Amino acid sequence: MGANTMKRHLWMAAMVIAVNITVGFGQQTADTILHNGRVLTVDANFSVAEAVAVRNSQILAVGTNNDVLRLAGPDTLRIDLKGRTVTPGLIHTHIHSESGGRWDRDLPAQVRHRYSVNFRQVKTTDDVIKQMKDIIAAYQFPPGEFIYFNTNPTGDQAKLIFDEMDRWELDKAAPDNPVAMSLGVPMQAMLLVNSKAIEALWAKHGDWVETYGRYWIDASGRPDGHFEPPAVRIFAEEFIPMADVEIMAPLYRKVLQERTAVGVTTISGGLHEYSVERYKWLDARGQMPIRYGYGIMSTFGIPNADMTQYEMGAGTDMLWITSMSARGVDGSGARMCISLERDSAAVEASGIEGEGSPSLMGLFAVDEWWPRGQCSLDIEYNGATKGASLKRNYFLDWYNEVARDGLRSGNAHMSGNDSHARFIAEMERIDRANPGAVKGWAMDHCTIINPEDIARAAKLGLMWSCEPLGERGRAPIIAEAFGQEIAHTYVAQIKTMLDAGINVSLEGGWPEIETLITRKDENGNIWGPDQRVDRATALRIATQNGANYVLRGDKLGSIEPGKLADLLVIDSDYMRMPEEDISDIQVLVTMIGGKVMFLHSDFSREYNFTPEGAVIGTLESLRERE
């Protein structure tokens, strides 16, 4: 860099700090000042300051120690950072937070409305039926009460639950009750139900289900009890009972508190209505530990649902709507919708994980049921290999309705290259009919994408939420199933997306930020080395780009006057430390809206600081809580 260029850059940086101070100044005094540190603002110039002042919930000023400390009053809390680094809070843009974690599992089954069938003790359908009968007898369910069973099938048990179990087998256990059973994949992706449940579904929505499916049929053309999206979503939203809000909401809060310990201040993901109510319960009581921008899932797959009642961005600063969410347009892991030629034996042997069960989807020959994956955007895909023919494709109709109503689609799982291609083609059709209608719509995971589709997505103004090596870091597994070239060129092409002008956000925290920079898997192998980004870009992806994804780019994502004061104090110099150590960064302080939500116990002792309402400890201590 030449001398004149260097002077120009230094002058620009100085001007940025000066402008920030000018904006922040007035007669106001700060509530809190962090000074004597390295403040990575992640503003447009990625300027670095020494201090930041907070008033109420917002950034008051950013700049030099001397200038910012002038905003101190007699009651201002001053924290000498002693050279430590400050960053904006991290924003995780694809997360499923619809359970109380391990605390949920500790609840009695009748409180959770979840009854477990243990497939570790199962060899035949009779074994399954016996467990179900024993549970029904133990809890004495009255006739007509809906019962939901959790399962944990592995290996050859997949054949049992997909081929040998059906509605009539379930009827043997529960002739007087509607029953739904999980299949080792998410409830939203597939369920097995009995005849009473099918009767209830057809009585309420029969015409709709016969139009849109997807459900499996027997040799006579009768529904056999296996349901895929969209029909399965009716069971999740309208039939399956859920635990009470007052019981579950405090457990949700504990789960979110652990996020603050790793520096995540905002999360995003699709939510069912029952979870929205639980988060609203927390928000109304001022008990949300982090921010949640969520996708509305309660209208997808629900006949005659009114989407016009929703407004994108509506809500509070702690809980707001980001999208209308289909949750997923294909399956996870081995159920990804893929047109690439794959080595089925390699897929089976590699242990590809299913979203709901780490073992199921990697241990059976997926080609037997899903030769191309769960391809929900394909009108020819009727549901595995046993599905009834569809009259219309609900997914395509639904996206057109979202666009028609001026809403946004996002917060949806998408993994296979065929899914991306079909989704983008549908977006192009919508855009031709209504130019600009899909701008800002989003796809999540970035697992397997044809590079040619990236330019098409950029032209439409679409966004991507990415995990750096594909969904759950699957690049090595993808290499086994599809070859090295596909793993290097089709998986999470983040730099290519950025160069095309696409807003790319991050699914993860500091370990994933490291992977953005190194593209290394846990064994040190590099995947797609041309897709590595620099440290400033990686942090921007995890902060400001995430804020854009959750429709709060003007309020979150950087440390600038007027923005909400979501700040982290970390134990390492992010810009100078060895890149392979970034995943080990420890968060010392997490502030959300100027309030300390998490304080590392070491920092608390060092400063004799115990702010009211803060969780003080370590990530490990939070995980060990009763």
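Here the structure is a predicted model, which is why all the values come from computation and not from measurement.
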Chemist: Counting N and O atoms only, with roles assigned by atom type, does the side chain of R535 sit under 3.5 Å from a partner on the main chain of Y574, one being a donor and the other an acceptor?
Modeler: yes
Chemist: Between K82 and E606, is there a side-chain N and carboxylate O pair less than 4.0 Å apart?
Modeler: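 Salt bridge between K82 and E606, a charged N being under 4.0 Å from a carboxylate O: yes.
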Chemist: Would a line drawn from the ring center of W320 to the ring center of Y294 be shorter than 6.0 Å?
Modeler: no
Chemist: State plainly whether the residues E612 and K595 are in salt-bridge range, i.e. N to O under 4.0 Å.
Modeler: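 No salt bridge links E612 with K595.
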Chemist: Using only atom types and a distance under 3.5 Å, with no angle test, would you say the side chain of D244 pairs donor to acceptor with the backbone of E246?
Modeler: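 Looks like no, no N/O pair under 3.5 Å.
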Chemist: Given D104 and R112, is the salt bridge (charged side-chain N to carboxylate O under 4.0 Å, His left out) satisfied, shown in steps?
Modeler: CA-CA 8 Å; D104 185 340; R112 297 173 63 232; 2.7 Å; yes
Chemist: Checking R233 side chain against Q188 main chain: does a donor-acceptor pair fall under 3.5 Å?
Modeler: no
Chemist: Is the side chain of D43 donor-acceptor paired with the backbone N or O of F46 at a distance under 3.5 Å, no angle test?
Modeler: yes
Chemist: Where is the tightest heavy-atom contact between G553 and N548, given as atom of each residue plus distance?
Modeler: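 Between these two residues, the closest heavy atoms are CA-OD1, 3.4 Å.
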Chemist: When you measure from the centre of the six-membered ring of Y292, is the NZ or CZ of R259 closer than 6.0 Å and no more than 45° off the axis?
Modeler: no
Chemist: Using only atom types and a distance under 3.5 Å, with no angle test, would you say the side chain of S323 pairs donor to acceptor with the backbone of G410?
Modeler: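 Yes; judged by distance alone, with no hydrogens or angles, the pair exists.
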Chemist: Is the distance between the ring centroids of Y148 and Y115 less than 6.0 Å?
Modeler: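 No, the ring of Y148 stays outside the 6.0 Å limit from the ring of Y115, centre to centre.
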Chemist: Both conditions, 6.0 Å and 45 degrees, for the charged tip of R105 above the ring of W103: are they met here?
Modeler: no
Chemist: Answer yes or no: is there an ion pair linking K280 with D283, defined by an N-O contact shorter than 4.0 Å?
Modeler: no
Chemist: For V185 and A189, which heavy atoms make the closest approach, and how far apart are they?
Modeler: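 Closest pair (atom of V185, atom of A189, distance): CG2-CB, 4.4 Å.
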